[in-house]
> 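Below are the structure tokens for one structure; questions will follow.
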Amino acid sequence: MCGIIGCMKKNKSNVAPTLLYGAKKLEYRGYDSVGIATYSDKIHVKKDEGKIEEVHKRLNLYDMPGSYGIAHVRWASVGRATKENAHPHTDENEKVAIVHNGTIKNYATLKKELKSEGHTFTSQTDTEVIVHLIEKFMDDGLDLEHALRESTKLLKGSYAIVAISSDEPYKMVATRKDSSLVLGVEQDSYYVASDILAMLKYTRNIIELEEGEIVVITDEDYVIHDKFDNPINKEITVTPWTPEMIDKNGYPYYMIKEINEQPEVIQKTLNDKNKIRAVLDDIGDFERICLIACGTSYHAALSGKYIIETVAKIPTNVILASEFSHTLNVLDEKTLVISVSQSGETADTLKALKMIDEKIKTLSIVNVETSQMPKVTDYSIITQAGPEIGVAATKTYLAQVCVMYLMAGILGNDSELIERLYEVPRYIEEILERCDELKVYSKRYSFVNDLFYMGKGFSYPTVLEAALKMKEISYIHAEAYASGELKHGPLALIDFTMPVISVIPPGEDHDLAVNALEEVKARKTLILTIGSENDDIIEDKANDCFLINPEVDEEIAPLVYIVALQLVAYYITVEKRLNPDMPRNLAKTVATE
Ligand code: F6R
């Protein structure tokens, strides 16, 4: 859950600004601490606790000599967020410096052994064992790449590692297992990083490193060795992502930029209809679907269940990836397992996929093509959301839901549903144009401590997602319930201190959802309803209403109503003077179980 980058400038220009820029682009993976190591006559290290901008102000991270080096942004997992635990880590003599993303499960045993051999540890991290192992193997006479290879043979867990050594100047080595690592190749420089966002400004030419491969980068060239240590040739591919895609384009935060990109994301997803059809044709017959995902992707999967069961009539089960092991017994060869993930790196979801018998077909719906998930599933569909930087998922969620609507339409031969999806970008535009109305409502709800969301049927996953968005960026406690469940317990929570946000699109569930609204209205609390224009019934029952185009009925509402709810969460967060792009304690890629 950290971000790592290494860069070698063949033209010998100063590397620190490039490393810092790359680290900044990886900050969505963690922002507890940051550090840089460069080489010029010796290894130079600067690191500290805090976000890049704060640390840069204190230490001037540009002021680092050398034309190659490594950098790291950390999401603390093993060891608190302190300067000592920040990467890069070095051995006692600063002969070796490394950055690491992943978790070494057997680090405690290795640490004990290394300590007994006289190594001195200065941090509480799992990573520090790697640097001492490399040092030890180099002291035994191995070069840097073979010392790295021997070290990884002793590691249990996940890692992407970049290492440099003052004993072998102008060389940088990197490898990975269960954490991603991408090599970038340009005329005048080489890059290696957790993902392409770190290098996109400089190159779009990339090579994905496979498990066990080691790349040796020098100031002249790079060589990739396979897991048997044989040099191999790997094709360079050009990523479809462009540097413009990761600009804020004048928006104050990535989150609001990404919310505004959603009409285009839906359009691009719909353009992929034939590709999705081809994947489903390849997969062939199946009788059941099991969707696995975490967090926001889990809510997208739940929306998928509603539409797939309604339209394609295929029994669909949705399981939290971290709870998946209990479902293994009921999977058979007639089940299609679908993992849904924005990052494609979520450890819980990858672990679940690894448990599945090879005979069972697996499909991943993933936004990051170079991530691990497409590599470990039989089939994959790449969502067309483009890079998402804000930690709170917005446009990737909508892209996932849209893919599942297309799948439902294709599997259920429902061309009418598919036709209706083409109107969705217009409905979203209409909401975005009226965002000022939501801003006004948001001011009113920004100082509450608790919020209660309710929605019925197709809108139930929507309110679950809306409540998650609210809690993760505004830190307001938010609960979401299916409207029909209110009377079975949570109604006891409702009084004037617990405002309610209800989602009531037109359709079969409308009247029962209104009944639930009556129940909360009777408890004299503040109510904001997201509903349909011309719905006099709800206008009468809510204090505040945001009304959406009446053509949007309950079936397609999950692709539209969520946008208003994302905006409410965003505006409340900004109103509270919080940064929606960097919520506390969270990171975008959750590569830890
Ligand atoms: C919330 C959010 C998380 C992720 C979850 C799974 O806004 O983004 O809840 O959805 O960590 O991540 P992915 O989709 O990368 O598997």
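Both counts, for ligands and for their atoms, begin at 1 and track the order of listing.
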> Report yes or no: does a heavy atom of Glu345 sit under 4.0 Å from some atom of ligand 1?
no
> For Gly295 and ligand 1, does the shortest N/O to N/O distance drop below 3.5 Å?
no
> So which protein heavy atom does atom 12 (O) of ligand 1 come closest to, and at what separation?
Thr346 OG1, 3.3 Å
> Hey, are Asn85 and Thr125 close enough side-chain-wise for a donor-acceptor pair under 3.5 Å?
no
> Answer yes or no: does an N/O atom from Thr349 fall short of 3.5 Å to an N/O atom of ligand 1?
no
> Do you know which two heavy atoms are closest between Ala76 and Gly79, and how far apart they sit?
CB-O, 3.6 Å
> Just to confirm my output: which protein heavy-atom neighbour is closest to atom 7 (O) of ligand 1, and how far is it?
Glu472 OE2, 2.5 Å
> Identify, by atom number and element, the atoms of ligand 1 in contact range of Ala392, meaning under 4.0 Å from any of its heavy atoms.
7 (O)
> Tell me: protein heavy atom nearest atom 14 (O) of ligand 1, and distance?
Ser297 OG, 2.5 Å
> Kindly say whether the aromatic ring centers of Tyr254 and Tyr28 come within a distance under 6.0 Å.
no
> Hey, is Thr296 touching ligand 1 through its side chain, its backbone, both or neither, going by heavy atoms under 4.0 Å?
both
> Looking only at side-chain N and O atoms, does Lys469 offer a donor or acceptor that is under 3.5 Å from a partner on Thr296?
yes
> If you measure only the distance, is there a donor-acceptor pair under 3.5 Å linking the side chains of Tyr31 and Asn579?
no
> Return the closest protein heavy atom for atom 11 (O) of ligand 1 as residue, atom name and distance.
Val590 CG2, 3.7 Å
> Only one of Leu270, Val265, Asp272 passes side chain to side chain contact (heavy atoms under 4.5 Å, CB included) with Cys402; say which it is.
Leu270
> Check if Val391 has a non-hydrogen atom at a distance under 4.0 Å from any atom of ligand 1.
yes
> Do Lys275 and Ile381 have side chains that approach each other closer than 4.5 Å (heavy atoms only, starting at C-beta)?
no
> For atom 6 (C) of ligand 1, which of the options Ala300, Cys294, Pro583 provides the nearest non-hydrogen atom?
Cys294
> Relative to each other, are the rings of Phe458 and Tyr306 parallel, tilted or perpendicular (30° and 60° limits)?
tilted
> Considering only protein heavy atoms, which is closest to atom 15 (O) of ligand 1, and at what distance to one decimal place?
Ser343 OG, 2.6 Å
> Under 3.5 Å between any N/O of Gln400 and any N/O of ligand 1: does that happen in this structure?
no
> Quick check on contacts: which atoms of ligand 1 are under 4.0 angstrom from a heavy atom of Lys469?
1 (C), 7 (O)
> Where does the angle between the aromatic ring planes of Tyr481 and Phe452 fall among parallel (under 30°), tilted (30 to 60°) and perpendicular (over 60°)?
parallel
> Among all protein heavy atoms, pick out the one at the shortest distance from atom 8 (O) of ligand 1; state its residue, atom name and that distance to 0.1 Å.
Ala393 CB, 3.5 Å
> Yes or no on side chain to side chain contact (heavy atoms under 4.5 Å, CB included) for Ile365 and Met407, after CA distance, side-chain angles and deciding distance?
CA-CA 11 Å; Ile365 300 175; Met407 286 174 60; 4.0 Å; yes
